[in-house]
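What follows is a single structure, written as structure tokens, with notes after it.
Sequential numbering from 1 along the given sequence is applied to the chain's residues. Below, all heavy atoms of this structure are taken into account, side chains as well, without hydrogens, waters or symmetry copies.
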Amino acid sequence: MKISNRLLKQRLVEEFEVFNDSLKKKPWWIEIQTQKPQCTYYFGPFNSAREAQIHQPGYIKDLLEEKPLGVSAKLTQTQPTLLTIIEEEINEDEFNL
């Protein structure tokens, strides 16, 4: 019986670790940066990198209609606190203090 109890306990610990790891995973986001204006945009959240990848061209297309310069995009697992970060406004605010 001791072997069975030990194996059962080990199995429960392993299942808990797998469950706990799945809770720690952050959702997928599309991060698009532009040089002019100097901005970072986040689009999401998505359940998988594949889902984000499928939607990425549409977000880039919409953003390009605003004619920014220096556009780059990547997929990232994060939890942004802001969906649009305008660096120029942040720098101006810091300067005006």
So do [Y] and [X] actually touch side chain to side chain, heavy atoms under 4.5 Å?
X	Y	result
Pro68	Cys39	no
Thr84	Thr40	no
Gln79	Pro27	yes
Leu75	Gln56	yes

Mind checking whether Tyr41 and Phe43 have parallel, tilted or perpendicular rings, split at 30° and 60°?
parallel
Reported CD-to-NZ distance for the pair Gln33 and Lys74, which is rounded to 0.5 angstrom
6.5 Å
d(Glu65 CD, Ile60 CD1) to nearest 0.5 Å is 13.0 Å
Quick one: name the residues clustered hydrophobically with Leu69, using the 4.5 Å side-chain heavy-atom rule over I, L, V, M, F, W, Y, and just say none if it's on its own.
none
Is the side chain of Trp29 donor-acceptor paired with the backbone N or O of Thr78 at a distance under 3.5 Å, no angle test?
yes
If you look at every heavy atom in [X] and [Y], which pair is closest and at what distance?
X	Y	answer
Tyr59	Ile30	CD1-CD1, 3.6 Å
Lys25	Gln77	CB-NE2, 4.4 Å
Phe46	Ala52	CD1-CB, 3.5 Å

Between Tyr42 and Ile85, does the side chain to side chain contact (heavy atoms under 4.5 Å, CB included) criterion hold? Intermediate values first, please.
CA-CA 9 Å; Tyr42 290 96; Ile85 302 168; 4.1 Å; yes
